[in-house]
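Taking it in order: structure first as structure tokens, then the write-up.
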2 protein chains.
Amino acid sequence: MDKRSENIPNIIIRRLPIYYKHLKKLKNRAKEYISSEELAELTGFSSSLIRKDLSYFGNFGRKSYGYDIYCLLQELSIIMGFNHPKNLIIVGAGHLGQALVHNKGYEERGYKLKGVFDKNPKLIGLFLDDIKIRSVEEMCDFVKEEKIDIAALTVPKGVAQKTAELLIEAGVIGIWDFTEVALKVPNNILLEEQHINEGLCKLSCKINQNFN
Amino acid sequence: MDKRSENIPNIIIRRLPIYYKHLKKLKNRAKEYISSEELAELTGFSSSLIRKDLSYFGNFGRKSYGYDIYCLLQELSIIMGFNHPKNLIIVGAGHLGQALVHNKGYEERGYKLKGVFDKNPKLIGLFLDDIKIRSVEEMCDFVKEEKIDIAALTVPKGVAQKTAELLIEAGVIGIWDFTEVALKVPNNILLEEQHINEGLCKLSCKINQNFN
DNA sequence: ATTAGAAAGTTATTTTTTTAACAAAGTATT
DNA sequence: AATACTTTGTTAAAAAAATAACTTTCTAAT
């Protein structure tokens, strides 16, 4: 891989999954090449921007043909590190935590769901698919023993910060945060905030613009 | 409200919920004012950027004091249109749809959850909290009768596009999309994509940067 | 073989966004 | 009342990002 992949601008990182998503839809169409112009049509980004983004990582295109869809998907997978195996746990087995257990996107992106944790004795010991709900008491040891990289956090707000600290202490390098709290984490820890109510805010804001 | 709120740059809209979130945490602290410098500390944005963002909407600050936390929250609510009532339905009562029913963020942002819809006969008629799961057959009429503004979409990928089209046809003005599909919608329709696997992509991408 | 066309990759330009600097206004202190 | 201090709101400068334009390379058709 190109050495430039060491410090990819965030603005480009945000677009990579979008390219990936659209290309996947085309995987088994007749034509095996796609031009930047066509991809622009699909994604809403300009063709110029797309060529520039991709050329940041290497020369994946073929002059007068475009990009081989299969190869480009392959390259994007590598850039996004899907081939690098990552262990995941879910902390908090409430409605959202349970929904996350059933998410189908892990394997394709190199994630292995290793465990689910909760404090509620009524939940501990139950199975969601083939994943057992364990007590949060076991969480830290589990993180160390199973070399967990990422923890999805779906606990109540009140315990979010404390739980995050325990997880970091135990060795996770990233937190996929679903609580509606502004977590404070050291800057060597990756924090991906998935605060769904922010989506509601944005929608509300935009609706409002049309009425004022 | 300031007339400039008619076309707020997206980049600012994205930061508003973040200011809001951090200010809410401070609501009942002793000091009732906060400086842009302090808010910068909390949010990670520069104080300069914060002052500029806020001044886009009006003069909310007080020289040598800072911003009144309560008033600023109030102003942000107005800018984001939380005072404007919006009707919401959830389409798809699977794990994620059910988790969304239990989300606590609606009221505060001006949303009223009016209904949940699914195709599965085993689910239809059941209650989640006090919300009845209805058949998707009834969906379009319901949207018209109840003047639904926003639909949260948590249906399987295969029916995502078709369902979106039905909803738009019936009159929703925004879709809060949780499917992992690249939906195509007319450009007068608001589309807020909440594709959780994009979060996984970003985390994976960033982990990968440290290992190459 | 030559020529026209297509589309990537690159460079230059423009636009947007962020940061830095500063002036204005208010506060507190002597 | 005068002075020093804060912190906003604004203006200027810098940096980043996006677009447009251009060059190169490859393909295909005559």
Side-chain angles (χ1 to χ4, degrees), chain A residues 1-19 22-23 26 31-76 79 202, chain B residues 1-16 18-19 22-23 26 31-76 79 202 205:
Chain A
M1 197 186 323
D2 195 314
K3 64 176 178 290
R4 276 177 300 183
S5 65
E6 270 169 38
N7 215 318
I8 312 166
N10 256 287
I11 198 109
I12 296 182
I13 290 183
R14 285 220 307 273
R15 286 189 292 260
L16 297 179
I18 298 172
Y19 297 139
H22 285 272
L23 289 168
L26 306 175
K31 223 172 123 234
E32 50 182 325
Y33 285 86
I34 188 170
S35 69
S36 59
E37 206 63 61
E38 282 178 276
L39 194 49
E41 193 74 30
L42 293 172
T43 59
F45 304 126
S46 78
S47 63
S48 192
L49 182 58
I50 292 170
R51 290 199 300 279
K52 213 166 187 209
D53 278 354
L54 296 178
S55 75
Y56 184 90
F57 300 102
N59 297 6
F60 305 141
R62 187 172 159 193
K63 299 263 164 80
S64 100
Y65 265 71
Y67 300 91
D68 180 303
I69 294 169
Y70 177 81
C71 291
L72 190 49
L73 276 167
Q74 207 70 355
E75 293 288 354
L76 286 171
I79 293 163
K202 285 186 227 163
Chain B
M1 199 187 318
D2 195 312
K3 63 177 177 291
R4 276 178 300 183
S5 65
E6 269 168 39
N7 214 317
I8 311 167
N10 257 289
I11 199 110
I12 297 182
I13 290 183
R14 284 220 309 273
R15 286 190 291 261
L16 297 179
I18 298 171
Y19 297 140
H22 285 272
L23 289 167
L26 306 174
K31 224 172 122 234
E32 52 183 324
Y33 284 87
I34 188 171
S35 69
S36 58
E37 204 64 59
E38 281 177 278
L39 194 49
E41 193 74 29
L42 293 171
T43 60
F45 304 126
S46 78
S47 63
S48 193
L49 182 58
I50 292 170
R51 289 199 301 279
K52 206 154 192 220
D53 278 354
L54 296 178
S55 74
Y56 184 90
F57 301 101
N59 296 6
F60 305 141
R62 186 173 159 193
K63 298 265 165 78
S64 97
Y65 265 71
Y67 300 89
D68 180 302
I69 293 169
Y70 177 81
C71 291
L72 190 49
L73 276 166
Q74 208 72 353
E75 293 287 355
L76 286 171
I79 293 163
K202 285 185 225 162
C205 193

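These values consider heavy atoms only, across backbone and side chains, with no hydrogens, waters or symmetry-generated copies. Residue numbers begin at 1 in each chain, while the letters A, B, ... track the order of the sequences.
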**Prompt:** Is the distance from OP1 or OP2 of dT27(C) to the nearest side-chain N or O of Arg62(B) less than 4.0 Å?
**Reply:** yes

**Message:** Looking only at the side chain of Ser55(A) (C-beta and beyond, no hydrogens), which of the listed nucleotides dT10(C), dT27(C), dG9(D) gets closest?
**Reply:** dT10(C)

**Message:** Tell me if the CD atom of Glu41(B) is crowded by more than 12 foreign heavy atoms within 6.0 Å.
**Reply:** no

**Message:** If I take atom OH in residue Tyr33(B) and atom P in nucleotide dA28(C), what distance separates them, rounded to the nearest angstrom?
**Reply:** 10 Å

**Request:** Could you please name the option among dA18(D), dT19(C), dG9(C) that lies closest to any side-chain atom of Lys52(B)?
**Result:** dT19(C)

**Matching residue for Leu42(B) among Leu23(B), Ile34(B), Ile18(B) - test: side-chain contact (heavy atoms from CB on, under 4.5 Å)** = Ile34(B)

**Request:** Counting heavy atoms from C-beta on, name the nucleotide in dT8(D), dT17(C), dT11(C) closest to the side chain of Pro9(B).
**Result:** dT17(C)

**Message:** Output the rounded distance in Å from CZ (Phe60(B)) to C1' (dG9(D)).
**Reply:** 12 Å

**Integer-rounded Å distance: dA20(D) P and Ile50(A) CD1** = 13 Å

**Item:** Out of dA17(D), dT19(C), dT7(D), whichever nucleotide has its closest atom nearest the side chain of Ser46(B)
**Value:** dT19(C)

**Fill in**
5'-most contact on DNA chain D (nearest-nucleotide basis), Glu37(B) vs Arg15(A), goes to Glu37(B)

**Item:** Rounded interatomic separation in angstrom, taking CD1 from Ile12(A) and P from dT19(D)
**Value:** 13 Å

**Request:** Using atom CG of Leu49(A) as one end and atom P of dA21(D) as the other, report the distance to the nearest whole Å.
**Result:** 16 Å

**Item:** Distance, nearest 0.5 Å, that separates OH of Tyr19(B) from CG of Asp53(B)
**Value:** 3.5 Å

**Prompt:** Can you check whether Ser48(A) has a side-chain N or O nearer than 4.0 Å to OP1 or OP2 of dA20(D)?
**Reply:** no

**Request:** Please state whether the phosphate of dT8(D), meaning OP1 or OP2, lies under 4.0 angstrom from any side-chain nitrogen or oxygen of Ser64(B).
**Result:** no

**Integer-rounded Å distance: dG9(C) P and Arg51(A) CZ** = 9 Å

**Request:** Could you check how far NZ of Lys63(B) sits from P of dT7(D), rounded to whole Å?
**Result:** 13 Å

**Message:** Tell me the closest heavy-atom pair linking Ser36(B) and Ile50(B), and the distance in Å.
**Reply:** O-CD1, 3.9 Å

**Message:** Can you identify which nucleotide, out of dG9(D), dT10(C), dT18(C), has its nearest atom closest to the Asn59(B) side chain?
**Reply:** dG9(D)

**Request:** Can you tell me the distance, in whole Å, between the OH atom of Tyr65(A) and the C1' atom of dA28(D)?
**Result:** 9 Å

**Prompt:** Taking for each residue the nucleotide of DNA chain D with the nearest heavy atom, is it Ser36(B) or Phe45(A) whose nucleotide lies nearer the 5' end?
**Reply:** Ser36(B)

**Asked** Is the shortest heavy-atom distance from the side chain of Leu39(B) to the side chain of Tyr67(B) under 4.5 Å?
**Response** no

**Request:** Return no unless some side-chain N or O of Tyr67(B) is found under 4.0 Å from OP1 or OP2 of dG9(D).
**Result:** yes

